[in-house]
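Structure first, then comments.
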Amino acid sequence: MKLWGGRFRKEENKLMEEFNKSFDYDKVLYKKDIEGSIAHVYMQVKCNLLTKEEGLSITNGLIDLHQDIDNKKLLLEGSYEDIHSFIEINLIKRIGEVGKKLHTARSRNDQVATDMRLFAKESTIEIIDLIKNFKTTLKEVAYKNCVIMPGYTHLQRAQVVTFKHHLMAYYSMFDRDEKRLANALEILDECPLGCGALAGTTHNINREHPKEKLGFSRVVENYIDGVSDRDYLLELMSDFSIIMMHLSRLSEELILWSSQEFKFIEMDDLYTTGSSIMPQKKNPDGAELIRGKTGRVYGNLFGLFTVMKGLPLAYNKDMQEDKEGFFDSVNTIQMCVSIMERMIATLKVNEENMKKAINNGFLNATEVADYLVKEGVTFRDAHEIVGNIVIFCEDNNKAIEDLELDELFKFSDVFKKDIYDFIDYENILNKGSKKNLL
Ligand code: ARG
């Protein structure tokens with residue numbers, strides 16, 4: 001069933017018909033397609049393209065269709081080319097001739113552009129809400145666990161930090177993600193209805209009407225751009241990719257921290273799975289899947305970049321390929337943020353093991369150097385002195401704080417008894433800008 005055919009002498013080849021179809025995946029746009037059509041009819045009546053009665057009959061027909069699809073009285077199936085054909089053909093079937101007036105002053109090109117923007121707006125708002133909720137959880141868990149732990153650079157123990165500060169690093173990342181999405185929403189907030197196929201229409205339409213009805217802030221400036229712009233999908237998918245990169249880094253840490261080698265955290269049974277052969281295993285599959293799914297979100301972004309790169313203006317059918325990847329990315333992001341939020345909310349921090357890990361690795365070496373500087377040694381000399389102390393400790397299997405004062409004295413005569421307090425891990429965090437870690 002098609003919306004076109006008048007100029008064709010032959011039936012479309014079956015394989016071609018299958019190939020051309022997008023209905024299997026663009027059916028998820030049905031709400032947005034109907035919303036866009038109702039706004040279009042509103043404009044048609046206001047601009048005298050339809051009588052009030054005609055407008056009412058089409059609008060009611062569209063509302064009925066919406067309800068019947070929601071209630072599964074009308075199934076989104078059959079051999080339709082796309083969701084637009086499905087809606088229009090079923091409308092005409094139900095309300096008769098007047099339904100054929102719906103498409104006056106509109107093209108599927110501005111129609112699909114409107115549907116996609118509406119869908120993108122709605123799903124982005126949902127994602128922003130999920131991120132907000134995730135940020136709240138991150139903060140709660142962070143503030144509940146102001147526990148000291150080793151901080152790493154190069155995955156080597158570096159300096160003492162707190163689990164709170166570490167987790168709040170992710171809070172900052174997701175805070176930026178939220179802002180990026182809000183910014184993308186602001187940019188995409190334009191209504192393409194009225195652009196027509198690419199060049200507007202000879203009818204006296206008013207683009208402000210559908211813009212207002214659909215809740216867009218502006219109408220698109222240029223018709224050709226309006227039907228062929230997919231930047232907003234690329235921008236959102238770029239933002240999604242950054243979110244996935246953040247989630248993937250956090251996943252990697254959860255996987256490491258829950259390993260027997262680290263044992264810093266325990267992940268809840270709810271979000272871990274077992275092995276079919278090794279009875280002892282508790283695998284962090286949730287985190288691994290998030291790390292793995294990052295690949296498809298990057299892939300969808302690059303898929304669309306590649307679709308768009310050589311397209312002449314304006315609409316080309318290539319652009320139908322924008323949908324599956326975008327829908328998949330939206331679903332993936334929504335799932336991943338939700339699962340990560342639950343994993344963080346339910347994890348248990350192993351305070352003892354985090355503390356134990358601090359005792360190995362000379363995490364107070366920088367503070368020993370700071371002490372020497374405080375006593376008048378230059379930082380470069382202090383660095384060298386502490387380096388030598390570390391070698392000595394390594395050879396003797398000791399921590400710096402285990403050394404006696406006379407042992408320390410061999411390296412520098414400015415050491416005094418107060419060195420031990422100065423380099424005590426808990427005390428370190430009460431000094432200078434480190435107070436922010438608490
Ligand atoms: N299914 C099409 C798409 O997603 C709708 C627009 C069709 N426009 C056209 N000129 N054939 O892009």
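We count ligands from 1, going down the list as the structure has it; atoms in each ligand are counted the same way. Because the structure is predicted, anything quoted here is derived from the model rather than measured.
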Check against side-chain hydrogen bond (donor to acceptor under 3.5 Å, both in side chains), Thr273 and Asp285: CA-CA 6 Å; Thr273 55; Asp285 290 29; 2.6 Å; yes

Exercise answer, ligand 1 polar atom pairs (N/O) under 3.5 angstrom:
from	atom 1	to	atom 2	distance (Å)
ligand 1	1 (N)	Ser22	OG	3.2
ligand 1	1 (N)	Asp82	OD2	3.3
ligand 1	1 (N)	Gln320	OE1	2.7
ligand 1	4 (O)	Lys323	NZ	2.5
ligand 1	8 (N)	Asn109	OD1	3.0
ligand 1	10 (N)	Asn109	OD1	3.0
ligand 1	12 (O)	Tyr315	OH	2.4

Expected list for residues 230-240: side-chain donor-acceptor pairs under 3.5 angstrom, two or more places apart:
from	atom 1	to	atom 2	distance (Å)
Arg230	NE	Asp322	OD2	2.9
Arg230	NH1	Val227	O	3.4
Ser238	OG	Leu234	O	2.7

Partners passing salt bridge (Lys or Arg N to Asp or Glu O under 4.0 Å) against Asp177 (at least two apart in sequence or in another chain): Arg180

Pair His246 + Tyr170: ring centers closer than 6.0 Å: no

With sequence neighbours excluded, residues passing side chain to side chain donor-acceptor pair (under 3.5 Å) with Tyr30: Asp70

Lys164 to Tyr143 six-membered ring, cation-pi geometry met (6.0 Å, 45°): yes

